[in-house]
Amino acid sequence: MNRRSLLAGVGGLLAASGVASSGLLATPAAADPVSRPERDGRVEALLRKMTLAEKLGQLQLLGNEADARTALATGQLGGVFSVVGAAKLNALQHIAVEQTRLRIPLIFGLDVIHGYTTNFPIPLAQGSSFDPAVAGADASVSAKEARRSGIHWTYAPMMDVTHEPRWGRIAEGYGEDPYLATKLAVSKVRGYQGDDYSSPDRLAACAKHFVAYGGAEGGRDYNTVDVSLQRLHNLYLPPFKASVEAGVATVMASFNTISGVPAHGNGYVLHDVLKGSYGFRGFVVSDYTGVQELILHGLAGDGADAAAAALPAGVDMEMVSTNYVQYGQQLLAQRRITNDQIDDAVRRILLVKFKLGLFDRPYVDEAGEVKAPSPVALAAARQAAGRSMVLLKNDGPVLPLAKTVRSVAVVGPLGTATYDLNGTWSGLGTGAATTPPVTVVDGIKAAAPGATVTYSAGCTVDGADTSGFAAAQQAARAADVTVVVVGETAAMSGEAAARSTIDLPGVQQQLVAAIKETGKPFVVVLVNGRPLTIPYLHDNAPAILEAWAPGVQGGNAIADVLFGTVNPGGKLPVSFPRAVGQIPIYYNHENTGRPADPANKYTSKYLDLESGPLYEFGFGLSYTTFRIDGLRLSDTRMSSRGGRIQVSAKVTNTGGRAGDEVVQLYLRDPVATIVQPVRRLRGFQRVTLAAGASTTVTFTLTPDDVGFYDNAAKFRVEPGKIEVYVGNSSAATLTSSFTVT
Ligand code: BGC
């Protein structure tokens, strides 16, 4: 499907709504109180005037201008997506508002995933920040740019928890942990929507993909997911539940099956869980042709069947395929769907349109369209990228580089990359292609103006040609230090971008070996959209900086970290396997009855590989060092009914420069009726400390933190011991315990 432009553009209006402790934009609180249009009866009044055809029309979402115009001619269109440009959008809106009988405005959607014109780092990178304000800053900047350009609704945040680094869409979410994903997702929902998404600087958000999309077998996109109820509720659903509580306007169904029933026809997840137990009052949009795909899945025999499965299950709006509009009337006559089901879907869509203020202000001011990132937006993107980088290794230490360095050789195919630094879903906004991301070479030149900076690609990202190695080696020999920039192109992650191996593609690893051969100091910078299997780098490169796809300010942000202007403080939101054969490998796994023991053959491990990941979840280094000690619990017992325990620890910067540490709290329930993960993240706090300084970090635990869902989807808080671990990764060793009574 060739339906989206690739390039990022420029454009940006940004007004800080406040400054969070991290220095990024603050995200206002949101909620989902009963809204004005519900109270004053406008939705119901409009619904009563609508014909069946008009109602079905509201359920239709189309993805291009020509189709939209055709549908508008019969008045059967609820929304349009992937069309950008204020004038174009206004032109479509004029037809809807002036030429259709009931003058119902269209809703305009777009995949504003990590930026409209100002690309922030990819969401997986944002997960590494362990700082919800980073996701919030992305969302507030994006919302302002997109809404002022005529977009009302973004298909974000993506909050699919996954254990699958082969899956390209791991780049779009926050990694393997439901707690971390929840905190980031909620902050992003709030950043988009604010307190009131009718505001000219806000968007309606869309929690996607509902649900368990990250469980794709083999990491192959769109693939089958078979999941137990307990895992569905403990692993995949928490970010969605929290987003509904935070007032998210819409939810998108996912392409996968869930235990044999495709999400688009899955009444359990959509109707019972989302709209029933979570009380979601917004609307559910299908994914791209997701209703139609029920036929190929094997749930429906034809389009009428597909509509008859999806609407009652809870899909309110159909994206791209047209089965609701085509077969709605027939299905109603055959009593395969009901008037109530249609009314419920229409009501939900109208409600979001009212809440967006579209009935009062359907048009956007074309003069205010955003076509270029503002300096404030660029600064926020640069800061977010710096906070999202993870230092994986630093022997020597080689890093940070001195700003007075005389010569730097930049080597590697991504050293002058532009749009690849944006990663997947980059800048679909207006003004595309005018502002390519800052390259690593340019970032380094700006950071060390006195240095001679050379560039030699050495090879391409995925080719087999090594003829450029000699020149790269020569450049390395001539320089004080070499920065090797390797990884993946933007197209190697994201949708429909699964990889069966996750090594450095092509001959890039050999390029690193060739640079090592020179005997000169070097550092490796990784640009990529997923974890990679890099034991070779770990064993051979003196320093490794995981930069992910850092966005429009990528080169500057990388240079900020390389030269120590920013001391890296990011932590991995996902485990890095040693080899692809270990996948799925994740920190929050259950124990077997025979946990891995190198001394005992009959334990759970591979014959040919060391157990455990190369880098564990939560891991990341700094240019300074920290000590975490003084673990204290406010009590030894917690009542399962409303109890509370405060866990505190002291963190001290024991090194010679200011830096950030992420203090992480993990719990384990060693005896439970459903075996519990060996560890579960239940708290994190990123703190900045001057050299020698210390602070006390406190977490509050409640029964919500110690309970879990069972296989009847019932939340249980069981009496017994809970182990507490505090430290700076999922391998934390500081420990204590309390008892739930
Ligand atoms: C993706 C969604 C996206 C939609 C609209 C689909 O292919 O799965 O994440 O929002 O397209 O572009």
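Whatever order the structure lists ligands and atoms in, that order sets their numbers, starting from 1.
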What atoms of ligand 1 come closer than 4.0 angstrom to any heavy atom of [X]?
| X | result |
| --- | --- |
| Met252 | 2 (C), 10 (O) |
| Lys208 | 2 (C), 3 (C), 9 (O), 10 (O) |
| Phe81 | 5 (C), 12 (O) |
| His209 | 2 (C), 8 (O), 9 (O) |
| Asp287 | 1 (C), 2 (C), 3 (C), 4 (C), 6 (C), 7 (O), 8 (O), 11 (O) |
| Asp111 | 3 (C), 5 (C), 10 (O), 12 (O) |
| Tyr155 | 10 (O) |

Residues, nucleotides or ligands: over 12 heavy atoms within 6.0 Å of Lys183 NZ: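 No - once you tally the heavy atoms of other residues, nucleotides and ligands closer than 6.0 Å, there are 12 at most.
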
Check whether more than 12 heavy atoms from other residues, nucleotides or ligands sit under 6.0 Å from atom CZ of Arg220, and answer yes or no.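 No, because the 6.0 Å sphere around CZ of Arg220 holds 12 heavy atoms or fewer from other groups.
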
Check each of Val574, Thr162, Ile502 against Arg530 using the side-chain contact (heavy atoms from CB on, under 4.5 Å) test, and report the only one that passes.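 Only one of Val574, Thr162, Ile502 forms a side-chain contact (heavy atoms from CB on, under 4.5 Å) with Arg530, namely Ile502.
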
Does the side chain of Tyr324 pick up a donor-acceptor pair with the side chain of Gln58 at under 3.5 Å?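 There is no such pair (donor and acceptor under 3.5 Å, judged by atom type) between the side chains of Tyr324 and Gln58.
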
If you measure only the distance, is there a donor-acceptor pair under 3.5 Å linking the side chains of His209 and Asp160?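 There is such a pair (donor and acceptor under 3.5 Å, judged by atom type) between the side chains of His209 and Asp160.
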
Would you say the side-chain atoms of Ser493 pair up with the backbone N or O of Gly423, donor to acceptor, closer than 3.5 Å?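 A pair under 3.5 Å: no.
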
Looking at Phe280, Phe240, Tyr236, which one forms a ring-ring contact (aromatic ring centres under 6.0 Å, His included) with Phe210? Phe240

Report the part of Met158 (side chain from C-beta onward, or backbone N, CA, C, O) that has a heavy atom under 4.0 Å from ligand 1; answer both or neither where that applies. neither

With heavy atoms and a 4.0 Å threshold, my read on which part of Arg169 contacts ligand 1 is side chain

Hey, does Glu172 come in under 3.5 Å of ligand 1, counting only N/O atoms on both sides? no

